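Below is one structure, written out as structure tokens; the observations come after it.
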Amino acid sequence: MAAPQVFVKNIDPTFERLFWKARLDLPENVHLIAEIGGVMIGYITASISETMKNPFLHTNKICRIGTIVVDQHHHQTGIGKALMDAACQWGKQNGAAEVRLEVFDFNSNAIQFYDNLGFGMQSHIMHKTI
């Protein structure tokens, strides 16, 4: 597993259900599902937030992509793009001026996907284990 210091190997299903349920009820979040024949093949989560107010940065509403997953059998079919387009549209309808997301450096497929959708590098999040 890539980034074992970040991702939990065995997720407690009860905790996971509680985690997602708590987010479903927040008005500033959206959960969009792609399905074929009643079977979920992908989903995306997004939220609206505002940049930190400080004298050095413009204050903007931001649509933040949280999670996007597409079933591996449906990669390269346009499902991911359709989900991203829908989340971006939702963000725009809710006053967001831009869309942001975070992707791990090792996830080259995701980086290429986001590049193809017109996303660009804005900052780097760096870490050091101590």
Side-chain angles (χ1 to χ4, degrees):
M1 172 187 287
Q5 75 280 11
V6 176
F7 294 104
V8 175
K9 188 173 184 177
N10 296 311
I11 301 170
D12 174 0
T14 301
F15 176 71
E16 186 178 17
R17 276 192 294 281
L18 291 172
F19 172 86
W20 288 111
K21 185 175 178 349
R23 277 143 189 82
L24 285 171
D25 296 332
L26 297 174
E28 66 274 11
N29 290 357
V30 69
H31 300 257
L32 304 172
I33 296 171
E35 62 179 321
I36 295 178
V39 176
M40 185 172 77
I41 57 168
Y43 71 93
I44 190 168
T45 65
S47 62
I48 299 291
S49 64
E50 202 168 272
T51 54
M52 185 186 334
K53 294 183 187 305
N54 72 51
F56 309 108
L57 300 173
H58 291 286
T59 301
N60 290 318
K61 272 190 165 182
I62 298 167
C63 175
R64 294 188 185 274
I65 303 300
T67 300
I68 179 170
V69 176
V70 175
D71 178 87
Q72 65 183 4
H73 298 100
H74 295 280
H75 285 190
Q76 304 289 318
T77 64
I79 299 297
K81 181 183 182 323
L83 286 167
M84 287 295 292
D85 288 348
C88 290
Q89 185 62 32
W90 175 83
K92 187 175 182 178
Q93 290 170 350
N94 284 278
E98 65 180 281
V99 177
R100 292 186 187 173
L101 56 85
E102 185 176 329
V103 60
F104 287 98
D105 269 350
F106 66 80
N107 197 343
S108 57
N109 289 339
I111 292 169
Q112 183 64 47
F113 172 71
Y114 299 130
D115 282 342
N116 290 340
L117 293 178
F119 284 79
M121 186 64 65
Q122 185 176 45
S123 66
H124 290 272
I125 296 175
M126 301 178 77
H127 77 101
K128 176 182 176 180
T129 302
I130 56 171

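The figures that follow rest on heavy atoms only: side chains count, while hydrogens, waters and symmetry mates do not. Values in this document were obtained by computation on a predicted structure and should not be read as measured data.
With values rounded to the nearest 0.5 angstrom, N109 atom CG is found 8.0 Å from Q76 atom CD. Annotation: the span from I125 atom CD1 to F104 atom CZ amounts to 8.5 Å, rounded to 0.5 Å. Separation of atoms CZ (R100) and CD1 (I62) is listed at 3.5 Å; rounding is to 0.5 Å.
The shortest side-chain heavy-atom distance between Q122 and E98 falls under the 4.5 Å cut-off. K81 places a side-chain heavy atom less than 4.5 Å from the side chain of D85.
Hydrophobic cluster membership for I36: V30, L32, I41, I44, I48, I65, I68, V70, I79, L83, M84, W90, V99, L101, V103, I111, F113, Y114, L117, F119 (Ile, Leu, Val, Met, Phe, Trp, Tyr linked by side-chain heavy atoms under 4.5 Å, directly or transitively).
T45 places a side-chain N or O within 3.5 Å of a backbone atom of T67 that can act as its donor or acceptor partner.
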Inset, instruction - Applying side chain to side chain donor-acceptor pair (under 3.5 Å), run through R64 and S47 and close with a yes or a no. - result: CA-CA 5 Å; R64 294 188 185 274; S47 62; 6.0 Å; no
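Shown here for A96 and C63, the closest heavy-atom pair between the two residues is CB-N, 3.6 Å.
Summarising the local packing, CG of D105 is surrounded by 12 or fewer heavy atoms from other residues, nucleotides or ligands at distances under 6.0 Å. The environment of CD in Q93 is crowded: more than 12 heavy-atom neighbours from other residues, nucleotides or ligands sit within 6.0 Å.
Remark: E35 engages no residue in a salt bridge (charged side-chain N to carboxylate O under 4.0 Å, His left out) (not counting sequence neighbours). For D115, the salt bridge (charged side-chain N to carboxylate O under 4.0 Å, His left out) criterion is met by no residue, not counting sequence neighbours.
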